[in-house]
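Each remark here refers to the structure printed beneath this line.
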Amino acid sequence: MFQQSRKVVIEQTGVIRDFIRHKRTSAISPSTQRVVNQLSAISATRKQPKLINLCNEDLIKHRTITNAWKLYNRKKNEKRMATLQKQYESIKNAMEDLKHTSPELYEAANKKETEKRFPIEMRIPTEYPPTKPWIYEYTHPSEKEK
Amino acid sequence: MLHRCQGGMQRLCEEGLKRLGSVKAITQIRTATKRTSGSKTNKNDSAGRRLGPKAYEGHFVNPGQIIMRQRGTVVHPGENVGIGKDHTIFALEPGYVRFYYNPFHPLRKYVGVALKKSLTLPTPHFAPRIRRFGYEEILDSSEAEKEESRMSRKEYLQRPKLEKARQESEYQDEQRLNKLVETFKEKFDLGLSESELNTVSDRFLKVCKLFSVGSSVEEAANQVTSDHILSLRLQNTNGSLSKEDMEKQVDAYLKLVNKFDGSVSVDANGNPCEKLSFSEKQSRCNEVLKTLEETYSNRVLSDEDKTTVYSLINNPLLFTKEEQTTLLDKYLPPVLPISVKDSIVEDIDLENVPNDINIVKLFDESTGTIKTVGRKKQAYSDLSKISASSY
Amino acid sequence: MLQRNILRQSVKGVRTFGSHGPQHGVWSNREKPAALKLKDEEVYRDLMNKIEPGKGPASIKNMSQRWSYHSPLLIDETFKVAYDLLEQESEKCYNRIDEIKKQLEQGSSADSSTASRLRDELATLEVDAEKFNPEVLYNVEYFPESVDRSLPVYRKYLERKWKEYDLPVTMQRLEQLHVIPDTMPTLDPKANVKVKFGHNTEPELAGWITPGRLLPSFAVSSPPTISVQEFDGINDKSLYSVLLVNPDTPDVPANSFKTSLHYGLCNISLNYVENTIKPLDLLLNPENRVFKEYVPLLPEKNAQVQRACLWVFRQEKELSNVQFSSDNFDIRAFAQENALTAVGAHVWRQQFDRSVNGLREKYGLEKGRVFHRVRRPYPLANHDD
Amino acid sequence: MLSKVNLRAYSSAVKPSSISSTLLLSRNPVITADIPKFEDQYFKYQNELWRRLMWTFPKWFYYRVGTLSEQRFRELNKRPLYNNPNIEYPRGRPEIRQERDRRFKQEVILPKTYEENKSSEDEEAAANTSMSRKITPNSRTTKADESGDTSSLERKLARTLYLVINDGKSWKFPNFSLQSTEAVKPLHLLAEEGLYQIGGKNINYFNVSNTPCHLINKDDSKEYLIKSHILSGQFVPQQSLKFMWLTKEELSEHLDATYFKEVEHLLNEI
């Protein structure tokens with residue numbers, strides 16, 4: 001009877017376990033074992049690579065690359081800031097002029113747009129285009145009524 | 001009497017405070033930790049701790065005299081005073097007590113000792129410090145001699161050792177000097193007299209010593225010349241040498257040095273050698289390097305070849321010691337690199353390996369495979385053996 | 001030095017290059033001082049091209065280490081792009097330099113403010129044009145002793161290096177040993193001052209002295225070699241004064257200290273390259289330059305540790321007939337009278353040892369006093385000066 | 001009150017007919033910008049350094065020993081050669097920790113969720129059904145790019161495109177002037193109506209602001225520039241009008257040089 005029940009267990013679970021008379025005891029309980037396993041995944045022990053030890057030539061190469069990167073970014077930022085400055089100047093200039101040219105238009109241009117919302121159709125650029133890159137089917141609300 | 005004394009003290013204190021001017025008046029408060037008179041709550045009474053200033057503004061204090069007793073740094077220690085572990089402030093120098101503020105720590109009160117009555121504290125930031133010497137000269141000559149020869153225990157214990165080392169080095173210098181005189185006589189045709197030879201050898205020895213601690217030959221030679229001239233000058237100022245003699249000797253020395261330095265130089269091992277001009281040295285170096293590069297690189301060398309290479313490189317005239325080790329590592333490496341094709345025997349019968357071949361397993365990183373090849377025993381070289389055989 | 005020369009000669013033919021570099025571009029093509037280039041051909045090859053795997057970089061001297069060296073991946077490809085980018089930037093700088101030079105030549109009569117502005121711009125451009133050149137970086141990183149100091153770009157890097165370590169050490173010693181303000185009120189450091197006593201044969205005493213060191217008397221028995229490295233703002237006619245003072249000379253009647261002068265030099269002409277004051281040179285031609293012969297500090301028994309403070313000054317004009325009293329020397333007054341500006345300082349310390357007596361005899365000084373071992377509590381003389 | 005007085009004082013200064021509104025209608029990028037060569041190279045290099053300095057992958061945590069997935073992982077990732085003292089390593093001895101050579105980056109190959117080397121037909125069949133299918137992204141260049149169709153909205157997906165029209169004389173941004181007869185109309189409305197008139201009503205656009213972003217001052221006329229984005233729909237010319245969607249560089253070729261210089265800073269470079 002005992003034999004039979006063991007057979008059933010094997011058939012059901014697919015795991016062969018030899019019978020042990022006394023209570024199963026291991027050094028660490030399974031839950032502790034799990035915690036140890038998890039901690040081992042985040043611990044640095046025996047997982048760290050060797051430090052990079054560059055030779056003289058490679059160190060200078062690396063510094064040159066870093067120098068170039070810094071210079072490149074500085075130039076880029078300078079250019080962007082200059083463009084922004086120009087854009088701001090031209091908006092200011094246009095509005096100053098509009099104030100004198102046509103006060104009505106100036107008022108209209110300066111009116112608060114309280115009802116305006118950011119359109120939900122606007123999308124952020126993705127790495128690759130969608131299957132349909134552009135949506136052509138759009139009908140203006142006034143056209144729809146017709 | 002006591003009363004009057006106290007009154008006097010108070011007056012002095014007030015006077016000091018007046019002179020202080022900007023400093024807030026330091027009133028004498030009894031800052032005891034426990035009240036002396038009994039109270040309901042403080043049953044376990046203790047006596048007053050007798051805190052407060054013990055010397056007041058303008059008082060004269062001697063070194064070690066206590067200026068202030070306090071709990072914590074009510075007043076910080078300033079110039080010429082020290083602070084104890086219970087924050088007691090005491091004088092380090094004899095002088096006059098000054099309570100003051102320091103502009104670098106505006107929230108602290110300081111106490112210091114001015115060395116003169118007329119001085120105020122703090123001393124101006126950029127002014128030199130006023131310091132007391134405090135040591136008395138010993139006028140009795142025998143006492144003075146005794147004091148001068150007094151030495152610390154450490155020095156006393158070290159003395160025999162130092163003396164021995166000095167004698168040893170002196171002896172070695174003498175030996176080297178004698179050897180140098182011999183060498184100059186035999187190997188170099190300088191045409192110098194005996195005394196000149198001695199001067200020159202002495203000079204050469206000094207140059208060698210300086211060279212061995214890292215100065216260049218030229219620098220060392222200049223230094224030795226300047227030392228010699230300086231010693232002649234000092235003899236003149238001391239009166240043991242007349243001015244004309246001194247000038248004559250300097251001239252003679254400079255001439256001799258000029259002649260000597262033009263023909264003799266120091267090699268990498270610190271021995272005298274023929275002086276080579278820069279261009280000549282260059283060309284000879286290049287010649288050696290060219291031979292090494294063309295005939296002895298990238299191939300398996302026979303034992304004779306190895307000896308030749310070793311003797312070519314081991315030339316103290318042309319290469320410094322560092323250069324020699326670099327070149328030896330390059331041309332006589334412990335094992336030739338596998339890029340040297342003729343050091344490797346690809347097809348090898350593992351059953352009977354020839355005598356002059358070692359079997360090695362090589363890991364090829366680019367393909368990630370292990371190859372078993374034979375390497376000629378000639379591809380391995382042992383520097384100590386080669387150097388032994390080259391002599 | 002020699003090794004590199006040898007290696008340069010040993011490679012046959014001219015420089016061999018990879019796919020990029022000399023054919024175009026201002027760093028490799030333009031006629032420039034050789035000091036801006038790398039001397040060692042093999043290192044240059046490995047710097048500009050890919051380091052061959054298995055052969056290794058030429059800068060590693062140990063062969064087995066060299067063969068087993070691995071470069072980081074993609075470093076060469078990235079370096080190539082970065083080098084091109086920086087070289088283009090440098091080309092712009094050089095174009096601007098040519099333009100300014102032309103302007104300065106033509107408009108020599110133009111107003112001085114524009115001219116000086118252009119000259120300032122030129123000075124910064126000369127640095128900017130070469131400061132990212134990898135060859136320059138290599139030279140300054142690995143051969144800082146042998147770079148050409150007449151070039152502004154190298155001086156800029158050397159100054160940076162000095163400010164990172166040597167300057168803080170010197171300033172700390174000057175302040176903590178109270179050289180400031182016991183001698184001069186303060187110091188605005190401009191030059192790297194190094195001191196060496198060349199006659200020492202002990203390895204620990206040979207070479208440049210770290211500021212604040214306690215030296216035995218025999219180690220300072222002959223005049224020091226002084227190196228004054230300036231970094232900016234001097235011309236060929238710059239003259240320097242050097243004073244070595246001891247502010248701890250005992251003044252027994254006053255129970256205090258006085259300052260004595262131990263070495264006085266003036267009208268020393270130095271520039272960026274010739275920056276060393278050599279004792280032999282001064283001994284052979286002392287005219288108008290040595291106003292106080294060198295006498296080492298020789299502290300007396302029990303007179304405690306004394307500081308030898310060496311100050312280097314820039315002169316405004318040539319000095320002649322210098323007035324001073326070496327026994328009671330006032331360095332502040334001296335500097336003011338002769339219009340001297342302190343640019344650097346150095347300090348070492350000395351105390352009585354067994355070599356003092358011999359040196360006193362050698363220098364013709366009388367036998368030193370002996371002081372009592374215990375310090376007495378007698379106060380300072382109370383009269384005012 | 002004061003402002004009204006000012007209004008009157010100024011209103012007669014300029015004729016309303018000389019005021020016009022120019023529309024900078026742009027199509028925003030659909031895909032991310034192309035990375036410049038240097039940036040691209042730098043990022044790749046940094047990535048390599050980063051991988052080289054990465055900690056060893058704790059495979060025992062992700063693949064439990066004895067499981068099928070662990071077996072698959074093991075088949076893909078072979079163990080590196082250990083430091084065998086009997087073998088010579090000319091390029092340095094390996095330093096193995098946790099089955100990784102510490103000197104190099106660790107290349108972890110993960111088991112794929114799809115089968116490699118499948119025929120295309122199978123793939124197509126699986127494409128719509130299987131969740132674990134292989135993902136192939138669309139190409140970053142479109143048909144319009146290949147054919148060089150400048151009037152398409154699908155060209156140059158990585159760039160901002162601007163609408164320019166040609167009324168027979170020259171290429172310019174669409175410009176609409178106030179009719180002297182009609183009442184004064186705000187600039188953005190003027191631009192909107194003008195756009196509908198020349199391009200049809202089926203354009204979904206977003207006006208950034210009612211404020212003009214630039215003024216081009218000519219002797220007798222004032223051109224105010226209004227920025228807006230097209231979101232969907234398309235520009236269908238109502239009259240016999242030619243139109244194009246162009247990037248900044250292309251605009252510099254097609255527009256008048258002085259005119260382009262005037263508006264250059266308003267145009268986006270990516």
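Proteins get letters first, then strands, A, B, ... in listed order; numbering begins at 1 in each.
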Name the region of [X], side chain, backbone, both or neither, that has any atom closer than 4.5 Å to a heavy atom of chain C.
{"X": "E155(B)", "value": "side chain"}
{"X": "I130(B)", "value": "side chain"}
{"X": "V250(B)", "value": "neither"}
{"X": "N238(B)", "value": "side chain"}
{"X": "I338(B)", "value": "neither"}

Quick check for you: among [options], which has the greatest number of heavy-atom pairs under 4.5 Å with chain B?
{"options": "K301(C), R375(C), H372(C)", "result": "R375(C)"}
{"options": "H70(C), E202(C), E300(C)", "result": "H70(C)"}
{"options": "P250(C), A206(C), S64(C)", "result": "P250(C)"}
{"options": "V252(C), N200(C), N302(C)", "result": "N302(C)"}
{"options": "Q304(C), K367(C), M184(C), E293(C)", "result": "Q304(C)"}

Sort [X] into side chain, backbone, both or neither according to what part of it lies under 4.5 angstrom from a heavy atom of chain B.
{"X": "D281(C)", "answer": "neither"}
{"X": "K55(C)", "answer": "neither"}
{"X": "F352(C)", "answer": "side chain"}

Could you have a look at [options] and say which one has the most heavy-atom pairs with chain C under 4.5 angstrom?
{"options": "P63(B), S366(B), A127(B)", "value": "A127(B)"}
{"options": "K206(B), E219(B), R233(B), E143(B)", "value": "R233(B)"}
{"options": "Q235(B), E93(B), Q223(B)", "value": "Q223(B)"}
{"options": "H125(B), R150(B), E365(B), K209(B)", "value": "R150(B)"}

Euclidean distance, [Y] [atom2] relative to [X] [atom1], rounded to 0.5 Å:
{"X": "N315(B)", "Y": "F319(B)", "atom1": "CG", "atom2": "CZ", "answer": "7.0 Å"}
{"X": "F257(C)", "Y": "Q306(C)", "atom1": "CZ", "atom2": "CD", "answer": "8.0 Å"}
{"X": "L115(B)", "Y": "L119(B)", "atom1": "CG", "atom2": "CG", "answer": "7.0 Å"}

Just by distance, no angles: are the side chains of H262(C) and S260(C) close enough, under 3.5 Å, to form a donor-acceptor pair?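 There is such a pair between these side chains.
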Indicate whether the side chain of N222(B) and that of T225(B) have a donor and an acceptor atom separated by less than 3.5 Å. no
CA sep, side-chain torsions, deciding dist, call: E148(B), R354(C), salt bridge (Lys or Arg N to Asp or Glu O under 4.0 Å): CA-CA 9 Å; E148(B) 197 184 54; R354(C) 298 294 152 199; over 6 Å; no
Using side chain to side chain contact (heavy atoms under 4.5 Å, CB included) as the criterion, point out the one residue from T183(C), T249(C), V245(C) that pairs with F329(C). V245(C)
Before we go on, tell me: are the rings of Y96(B) and F60(B) under 6.0 Å apart, centre to centre?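 Y96(B) vs F60(B): aromatic centres under 6.0 Å.
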Hey, is CZ on R129(B) packed in by over 12 heavy atoms from elsewhere, all under 6.0 Å?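 Atom CZ in R129(B) is packed in, count exceeds 12.
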One pair to check against ring-ring contact (aromatic ring centres under 6.0 Å, His included): Y294(C) and Y263(C). What are the steps and the verdict? CA-CA 5 Å; Y294(C) 178 73; Y263(C) 197 26; 5.2 Å; yes
Looking only at non-hydrogen atoms, find the nearest pair between H199(C) and S222(C) and report the distance. ND1-OG, 2.7 Å
